[in-house]
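The structure under discussion appears below in the form of structure tokens.
Protein chains get the first letters and strands the later ones, always in sequence-line order, with residue 1 at the start of each.
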Number of protein chains: 2
Amino acid sequence: MHGCAACPVRIDALCGALETPDELETIHRLGRRIEVSRGQTVVWEGDESLVVGNVIEGLLKLSIISANGTEQIVGLAYPSDFIGRPFGANAGHSVTALVDSTICVFPRRAFDAFAETHPQLGQALLRRTLDDLDRARQWMVLLARKSASARVASLLLDMWDRCPSGPDRTVMLPLSRQQMADLLGLVIETVSRSITALRDKGVVSLPGGRRLVVEEPDSLKAIAAD
Amino acid sequence: MHGCAACPVRIDALCGALETPDELETIHRLGRRIEVSRGQTVVWEGDESLVVGNVIEGLLKLSIISANGTEQIVGLAYPSDFIGRPFGANAGHSVTALVDSTICVFPRRAFDAFAETHPQLGQALLRRTLDDLDRARQWMVLLARKSASARVASLLLDMWDRCPSGPDRTVMLPLSRQQMADLLGLVIETVSRSITALRDKGVVSLPGGRRLVVEEPDSLKAIAAD
DNA sequence: CGCGGATTTGACCTACGTCAACACCCGTGG
DNA sequence: CCACGGGTGTTGACGTAGGTCAAATCCGCG
């Protein structure tokens, strides 16, 4: 028993769309809560997605290896986000844990069948996917048009409001410089230089250990805008 | 009467998911076939999408104006593609005709209601949206990692198999250099230079008037790969 | 203390952007 | 028939943001 009733993301995640005790019971029996450790991959680019599921805790990356060998991170999955590729098509990207995470997985075929017979769930997944698409397109603008410093500033702002942060304006950055670079379409040195430039301007400070303090949110927003 | 039965894209478009005569009749009464001329916008970025619909004939762009004023094309809509943003959220991008086109539009609210009561349609839209998302992420890799010439080569290949082309390897390019630049995250001069470089290498030839002949498909593919 | 990975810093180079001419294509009108 | 003009595309000269390569420096951990 993993207790959907006690699931910390039930309301926000896809399952929140299910209402009758009957439905909940069925999906409950389908799902299995698993722990994935940092670096572990749960879906491989190009393979049929064997599982789909919800992120309960942690952070995963969605990534594609480009022809020239560099990795591009095409999305992040935070708690309550849905991962995997339902309905037949092969996964367009890998899904890998960036930090130790716990996810609730369903066998893909069983999930497909369940979704087809429970319109509520299909509906909810559709809305979620439309939102993901909007976000992906917004990110395309960043990749295509923004300067390195604007990209970095955008990312830091993103993480500031999506990541566990202290009461002061401190964020614990979950990404290495390399991962930021993979996400922003830059190289590691450029990310590093951009961040130190922000520090030198007093916009952020770096108390060490992947901690970041946003000293001047407005300046950061201005830089992020381009 | 605009005759869904005679619609050239009915099978491929979203409506292909509807099966009973009853459903078809209902959606038929909801839809209206309209002509949009080159340059005309049917959905505005940031506004609530008043209409959604299917492209019947022509080509539209999905675009976002970035903070610094440059336009980024985040997608193209070919015949049988779905356009507009159902379900509440404001449109993340504008939709504008690149050439004179004809589309079949539905009032957004009525479509939303119809989709919620007809799971078949919701299902079909979900599959389509998942595909769009995969494509958008693939495009992110191009924008983030590929060289200018690889981007241009990728685009030419894309258009070669999606656009009406002669029995020889001739394509009628539907995009101006500016539009290609907006799509590829480049400036117009760079696009122009890349294309002439391809011509000089004998990979393509340009018989004038926006026509393009792919002389060496394999070379073009190699360049597109990076 | 010493090791290995992550991050920073520096010197240098190049792909692409910028700015400015110029050429081409086509319809209009003298 | 040719002159003209505006939109679209090409070419050239030049500058720079960010990539590359290499060397410190930092930091957590046995």
Side-chain angles (χ1 to χ4, degrees), chain A residues 38-39 66 68-72 98-100 141-156 172-201 204-212 223-224 226, chain B residues 38-39 66 68-72 98-99 141-156 159 171-201 204-213 223-224 226:
Chain A
R38 185 174 131 80
S66 102
N68 56 59
T70 61
E71 175 168 6
Q72 177 64 30
L98 289 175
V99 302
D100 292 349
V141 175
L142 177 146
L143 292 175
R145 302 294 181 187
K146 287 198 180 178
S147 68
S149 43
R151 294 185 204 193
V152 170
S154 303
L155 178 61
L156 295 180
M172 184 66 191
L173 299 177
L175 302 181
S176 69
R177 295 294 128 102
Q178 183 59 61
Q179 288 156 355
M180 293 190 206
D182 291 345
L183 189 51
L184 297 172
L186 299 170
V187 298
I188 188 171
E189 295 94 326
T190 304
V191 173
S192 183
R193 275 188 252 267
S194 301
I195 293 183
T196 50
L198 290 173
R199 170 170 53 67
D200 293 350
K201 278 189 216 152
V204 303
S205 56
L206 305 162
R210 280 206 193 164
R211 291 202 162 277
L212 176 103
I223 293 167
D226 218 357
Chain B
R38 186 175 129 80
S66 102
N68 56 59
T70 61
E71 175 169 6
Q72 177 63 32
L98 289 174
V99 302
V141 175
L142 177 145
L143 292 175
R145 301 294 179 189
K146 287 197 180 178
S147 67
S149 42
R151 293 185 206 193
V152 170
S154 303
L155 178 61
L156 295 181
M159 311 239 284
V171 204
M172 184 65 192
L173 298 177
L175 303 180
S176 69
R177 296 295 131 102
Q178 183 59 61
Q179 287 155 357
M180 294 189 205
D182 291 345
L183 189 51
L184 298 171
L186 299 170
V187 299
I188 187 171
E189 295 94 326
T190 303
V191 173
S192 182
R193 274 188 253 268
S194 302
I195 292 182
T196 51
L198 290 173
R199 169 170 54 68
D200 293 350
K201 280 188 212 148
V204 302
S205 57
L206 304 162
R210 280 205 193 166
R211 290 199 163 277
L212 175 103
V213 185
I223 294 167
D226 214 359

Sorted by chain and residue number, the salt bridge (charged side-chain N to carboxylate O under 4.0 Å, His left out) partners of Arg145(A) (sequence neighbours excluded) come out as Asp182(B)
In numerical order, the residues of residues 177-186 of chain A whose heavy atoms come under 4.0 Å of DNA chain D are Gly185(A), Leu186(A)
Arg38(A) and Leu98(A) have their tightest heavy-atom pair at CG-O, 3.4 Å
Under 3.5 Å, N/O pairs linking protein and nucleotides 18-26 of chain C:
unit_1, atom_1, unit_2, atom_2, d
dT18(C), O4, Arg193(B), NH2, 3.0
dC19(C), N4, Glu189(B), OE2, 2.9

With a 4.0 Å cut-off (strictly under) to non-hydrogen atoms of chain B, the first and last hit nts on DNA chain D, 5' to 3', are dT8(D) to dA13(D)
Practice prompt. Would you mind reporting whether Leu206(B) and Leu212(B) have side-chain heavy atoms less than 4.5 Å apart?
Written response: yes
Residues passing the side chain to side chain donor-acceptor pair (under 3.5 Å) test with Asn68(A), sequence neighbours excluded, are Ser66(A), Thr70(A), Asp226(B)
Review point. Does the side chain of Arg210(A) reach to within under 4.5 Å of the side chain of Pro174(A), using non-hydrogen atoms?
Key: no
Residues at least two apart in sequence or cross-chain that pass side chain to side chain contact (heavy atoms under 4.5 Å, CB included) with Arg211(A), listed by chain then number, are Thr170(A), Met172(A), Pro207(A)
Taken in chain and number order and not counting sequence neighbours, the residues that satisfy side chain to side chain donor-acceptor pair (under 3.5 Å) with Thr196(A) are none
Shortest non-hydrogen pair, Lys146(B) vs Ala224(B), comes out as NZ-O, 2.8 Å
In this structure, CG of Asp200(B) is separated from OG of Ser205(B) (nearest 0.5 Å) by 12.0 Å
Within residues 143-156 of chain A, the residues having a heavy atom closer than 4.0 Å to DNA chain D are Ser147(A), Ala148(A)
Applying side chain to side chain donor-acceptor pair (under 3.5 Å) to Ser192(A) and not counting sequence neighbours gives none
Taken in chain and number order and not counting sequence neighbours, the residues that satisfy side chain to side chain contact (heavy atoms under 4.5 Å, CB included) with Arg177(B) are Leu173(B), Met180(B), Ile188(B), Val191(B), Ile195(B)
With sequence neighbours left out, the residues meeting side chain to side chain donor-acceptor pair (under 3.5 Å) with Thr190(B) are none
